[in-house]
Amino acid sequence: MALYSEKVMDHFTHPRNVGVIENADGVGEVGNAKCGDIMKIYLKIDGDIISDVKFETFGCGSAIASSSMATEMIKGKPLSEALQLSNKAVAEALDGLPAHKMHCSVLAEEAIKSAVKDYYDKNGIDYDKSQFPDCASCVHCHES
């Protein structure tokens, strides 16, 4: 069995939504250079809908594929739906990730939540703080 699925390889070699959105409505950056993966997600929001999404990822193929797939999964969706996107859903959409690469899908989920939180904060929109993990508790960068 191959280490990576065809979908992972496709999203790694042909990533969707790469780039920067100037004057983005929300920006989320997660990761840590020390652990090797950094993801930055940019959102353009019209009403309550994510009209555009771009990403910049410094990391392995699984991190790039997870970023690409996650952006595809939230584009055109309401913010509430984007906040429900789980790392497991991203990994399943990629036809699986090796166990030691699941943290990449976690980063994608966290980057999206961080970008939505940034949008809410910039616009003074009230939100349920329990929906947004505190970076200090982030498993990815604080593994022993």
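Note that these values count all heavy atoms, side chains included, but never hydrogens, waters or copies made by symmetry. Treat the numbers as computed from the prediction; the structure is a model and nothing was measured.
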query = Taking C-beta and beyond as the side chain, do Ser114 and Ile41 meet within less than 4.5 Å on heavy atoms?
reply =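 No - every pair of side-chain heavy atoms lies 4.5 Å or more apart.
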task = Please tell me if the side chains of Thr57 and Leu107 come closer than 4.5 Å, counting only heavy atoms from C-beta onward.
result =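 No - every pair of side-chain heavy atoms lies 4.5 Å or more apart.
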When rounded to the nearest 0.5 angstrom, what is the spacing between [atom1] in [X] and [atom2] in [Y]?
{"X": "Asp46", "Y": "Asp52", "atom1": "CG", "atom2": "CG", "result": "9.5 Å"}
{"X": "Met69", "Y": "Leu97", "atom1": "CE", "atom2": "CG", "result": "10.0 Å"}
{"X": "Met39", "Y": "Ile64", "atom1": "CE", "atom2": "CD1", "result": "9.0 Å"}
{"X": "Ser62", "Y": "Leu3", "atom1": "OG", "atom2": "CG", "result": "7.5 Å"}

message = Run the side chain to side chain contact (heavy atoms under 4.5 Å, CB included) test on Val116 and Tyr127 for me, step by step, so that the C-alpha distance in whole Å, both residues' side-chain angles and the decisive distance to 0.1 Å come before the verdict.
response = CA-CA 10 Å; Val116 172; Tyr127 56 86; over 6 Å; no
task = Using the six-membered ring of Tyr119, assess whether NZ or CZ of Lys117 lies under 6.0 Å from its centre and within 45 degrees of the ring axis.
result = no
request  = State whether the number of non-hydrogen atoms from other residues, nucleotides or ligands found under 6.0 Å of Lys122 atom NZ is greater than 12.
outcome  =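 Check passes, neighbour count above 12.
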Looking at [X] and [Y], what are the two nearest heavy atoms and their distance?
{"X": "Ala93", "Y": "Lys7", "value": "O-CD, 3.1 Å"}
{"X": "Ile74", "Y": "Leu85", "value": "CG2-CD2, 3.8 Å"}
{"X": "Val8", "Y": "Tyr4", "value": "CG1-CD2, 3.8 Å"}
{"X": "Lys101", "Y": "Cys60", "value": "NZ-SG, 3.5 Å"}
{"X": "Val90", "Y": "Met73", "value": "CA-SD, 4.1 Å"}
{"X": "Ser105", "Y": "Ser66", "value": "N-OG, 3.6 Å"}

Ile49: partners by side-chain contact (heavy atoms from CB on, under 4.5 Å), with sequence neighbours left out = Pro78
message = Tell me whether Asn123 contacts the main-chain N or O of Ile125 through its side chain, where contact means a donor paired with an acceptor under 3.5 Å.
response = no
message = Closer than 3.5 angstrom, by distance alone: can the side chain of Asp118 be matched with the main-chain N or O of Val27 as a donor-acceptor pair?
response = yes
request  = Could you walk me through whether Tyr42 and Lys44 pass the side chain to side chain contact (heavy atoms under 4.5 Å, CB included) test, one step at a time?
outcome  = CA-CA 7 Å; Tyr42 301 85; Lys44 188 70 177 165; over 6 Å; no
query = Are the charged groups of Glu109 and Lys113 less than 4.0 angstrom apart, N to O?
reply =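 Yes, Glu109 and Lys113 are salt-bridged.
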Determine all donor-acceptor pairs shorter than 3.5 Å in which one atom belongs to a side chain in residues 13-26; sequence neighbours excluded.
unit_1	atom_1	unit_2	atom_2	d
Thr13	OG1	Met9	O	2.8
His14	ND1	Asp10	OD1	3.4
Arg16	NH1	Asp10	O	3.4
Arg16	NH1	Asp10	OD2	3.3
Arg16	NH1	His14	O	2.7
Arg16	NH2	Asp10	OD2	2.6
Asn17	OD1	Lys75	NZ	3.1
Asn17	ND2	Thr71	OG1	2.9
Asn17	ND2	Glu72	OE2	2.9
Asp25	OD2	Ile45	N	2.6

request  = Would you check, one step at a time, whether the test side chain to side chain contact (heavy atoms under 4.5 Å, CB included) holds for Asn87 with Met102?
outcome  = CA-CA 8 Å; Asn87 72 296; Met102 281 300 289; 3.7 Å; yes
